[in-house]
Engineer: 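Sharing a structure below in structure tokens format, with a few things to ask.
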Amino acid sequence: MTQQKSNVSYMLPLSMMFLLFFVVAFVTGLNAPIGPALKEQFKSLGLSENLIAQAGTFAFFASYGVMGIPSSWLVKKYGYKNTTFISLSIAILGSLIFLYVTSNPNFYLYILSTFIVGCSITILQVVVNPYISAMGPQETATSRLNFGGALNSLGATIAPIIGGVIIGNKVNVTLGDAKPIYITLIGLLIFVAAILYFVTLPQIHTTTNESGTAEKSSNSAWNFRHLLLGTLAIFFYVGVEVSVANTTYSYLTSGTDKATAGLGIAAATAGAIVGTYWFIMLLGRLLGGALGKKISGKKMLTYVSLGAIALLTTGILFGSNSTVSMPAINSSLSVITVEVPLQIMLFVAVGICASVMWPCIFNLAIAGLGKFTNQGSGMLVFMVIGGAIIPPLQGYIADTTGNFISSYWLPIIGYIYILFYALAGSKNVNTNIKVD
């Protein structure tokens, strides 16, 4: 009876965390459809076009390096609910600055607005991931994170579609055309804050002090090799997950007359195609949640890493020789089919492989840490900064080589490292350290 009551008491807080998972991805997913506007609005800066297109992504994920550790302090000082309110307020502030930029274009003010929104999402990540892991048995934590990740994928699926529809088929798109996107975002943030007001979030107690280090111990999370290697796996995972989607969007929407020739597909249609990437991540996470008790995280990570490497390699080497039809929508929200190179479908299919990597890496990296778990979790969240570095780097490679396709070798390198982590790097070789 007590366990049943406990499970019921978890339902509403978990539902709130799942809703926040959706918000995290929706906000993150807005960076891709705004990329074309950045290229047009700020092409006078003289920077490479695809590097400018990824500038928002860089600022957004760079915030993880700044707010990763302070976020843990906020949770400790103010609790989960109040910290979430702080996060939502920061996101609204950043969105309001962006609205100002749409009427008064300024590249650096845009970067600031995106960085502020990114800080708010960093805080939400620190709240949501450990909270979902703690709200139930440890052996089912991966399944809960996968189900939460399914809603995360839903948000990521919808964001580029909405962004593409709002921007439409404009040739010379500017930030002013993206203004309705952030009006929509502000409405969503206010709606979530209103729901949160009526939800009670039980406080989860930790065993670390305010500095994030374990109390009364000469060791720390930094002493665990599998955690350190896991932070690098998170760095590569987040970076390549975002860069594959964003670069594919740029490839689809860039004009055929550009120096880095694209396919010249309308924004709404491209948004739907890239949205498919996130949609199949949703399906993959639902499947991963169902299989989480039957297949170990180590095996699951091995299989999907191999799958991602195979899909990307095939797309690069053989994918331009034929075309396939993919479902999409146009600016009138009508369902259509569009002919694209086979490689586009293969790149989009990588989403099914990426779908379960976060919970697998996260749980493998914190396994056996005991009282150092909270510190280790903070280190992993900090390394989400990979999303700030790898997407712009892939954009720069595309510009430098004059070829979008050659830039996809970078994600392959990332997935090769993740495969190494699954096979060897995830083993805890520091079992002699006392973690009780």
Side-chain angles (χ1 to χ4, degrees), residues 29 32-33 35-36 39 49-50 53 153 156-161 163-165 167-171 173 240-284 304 306-355 391 394-395 397-399 401-412 415:
K39 287 196 290 188
E49 286 190 352
N50 289 295
S153 296
T157 300
I158 293 174
I161 295 176
V165 169
I167 291 175
N169 296 326
K170 297 180 178 67
V171 177
V173 62
V240 299
E241 177 199 61
V242 175
S243 68
V244 168
N246 285 10
T247 301
T248 301
Y249 187 89
S250 293
Y251 180 29
L252 290 168
T253 56
S254 291
T256 56
D257 58 337
K258 299 287 186 179
T260 308
L263 300 178
I265 294 176
T269 303
I273 293 174
V274 174
T276 304
Y277 174 89
W278 301 108
F279 178 71
I280 63 175
M281 284 189 70
L282 183 157
L283 299 179
V304 295
L306 286 170
I309 294 168
L311 287 169
L312 287 169
T313 303
T314 302
I316 293 172
L317 298 179
F318 308 108
S320 61
N321 297 326
S322 58
T323 61
V324 294
S325 295
M326 292 190 66
I329 60 174
N330 57 25
S331 58
S332 302
L333 293 181
S334 299
V335 177
I336 61 173
T337 58
V338 59
E339 288 288 321
V340 296
L342 174 63
Q343 58 199 187
I344 294 295
M345 187 184 73
L346 294 173
F347 295 157
V348 167
V350 173
I352 193 71
C353 300
S355 63
Q394 186 172 356
I397 293 173
D399 285 324
T401 61
N403 187 333
F404 276 107
I405 303 306
S406 62
S407 72
Y408 284 90
W409 287 110
L410 180 61
I412 289 177
Y415 283 123

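What you see is a predicted model; the values in this text were computed from it and never measured.
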Engineer: Using every non-hydrogen atom in the two residues, find where Ala308 and Cys353 come nearest and quote the distance to one decimal.
Structural biologist: N-SG, 3.5 Å
Engineer: If you round to the nearest 0.5 Å, how far is CD1 of Ile280 from OG of Ser355?
Structural biologist: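 If I round to the nearest 0.5 Å, the distance is 8.0 Å.
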Engineer: Start with the C-alpha distance between Phe347 and Leu312, add both sets of side-chain angles, then the distance that settles side chain to side chain contact (heavy atoms under 4.5 Å, CB included), and finish with yes or no.
Structural biologist: CA-CA 6 Å; Phe347 295 157; Leu312 287 169; 3.7 Å; yes
Engineer: Looking only at atom types and distance, does a side-chain atom of Thr276 sit under 3.5 Å from a main-chain N or O of Ala272, one as donor and one as acceptor?
Structural biologist: yes
Engineer: Check Pro341 against Leu263 and note the closest heavy-atom contact, atom names and distance.
Structural biologist: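 The answer is CD-CD1, 3.7 Å.
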Engineer: To the nearest 0.5 Å, what is the distance between CD1 (Ile412) and CH2 (Trp409)?
Structural biologist: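 Separation between the atoms: 4.5 Å.
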Engineer: Would you compute the distance between atom CG of Leu252 and atom OG1 of Thr247 and round it to the nearest 0.5 angstrom?
Structural biologist: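 The distance works out to 11.0 Å.
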Engineer: Starting at CE of Met326, measure out to OG1 of Thr337 and round the result to the nearest 0.5 Å.
Structural biologist: 11.0 Å
Engineer: Between CG of Leu306 and OH of Tyr415, what distance do you get to the nearest 0.5 Å?
Structural biologist: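 Going from the CG atom of Leu306 to the OH atom of Tyr415 covers 12.5 Å.
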Engineer: Go through Val340 and Val324 one step at a time and tell me if the side chain to side chain contact (heavy atoms under 4.5 Å, CB included) criterion holds.
Structural biologist: CA-CA 6 Å; Val340 296; Val324 294; 4.1 Å; yes
Engineer: Please work out whether the ring planes of Tyr251 and Phe404 are parallel, tilted or perpendicular, with thresholds of 30° and 60°.
Structural biologist: tilted
Engineer: Hey, mind stepping through Thr248 and Ile344 against side chain to side chain contact (heavy atoms under 4.5 Å, CB included) and telling me if it holds?
Structural biologist: CA-CA 7 Å; Thr248 301; Ile344 294 295; 4.1 Å; yes
Engineer: Would you give the length of the straight line joining atom CG of Leu317 to atom OG1 of Thr313, rounded to the nearest 0.5 angstrom?
Structural biologist: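 Interatomic distance, Leu317 CG to Thr313 OG1, rounded to 0.5 Å: 6.5 Å.
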Engineer: Under the criterion side chain to side chain contact (heavy atoms under 4.5 Å, CB included), I'd like the reasoning laid out for Gln394 against Tyr408: C-alpha separation, chi angles, the key distance, then a yes or no.
Structural biologist: CA-CA 7 Å; Gln394 186 172 356; Tyr408 284 90; 3.6 Å; yes
Engineer: Can you name the nearest heavy-atom pair linking Tyr277 to Val350, along with the distance?
Structural biologist: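 Smallest interatomic distance, heavy atoms only, reads CE1-C, 4.2 Å.
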Engineer: What closest approach, in Å, do Gly351 and Met281 show between heavy atoms, and which atom pair accounts for it?
Structural biologist: O-CG, 2.9 Å
Engineer: Quick one: closest heavy-atom pair of Gln343 and Gly315, and the distance?
Structural biologist: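 Taking every non-hydrogen atom into account, NE2-O, 3.0 Å.
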Engineer: Do you know the tightest heavy-atom contact between Ala245 and Trp278?
Structural biologist: CB-CZ2, 3.6 Å
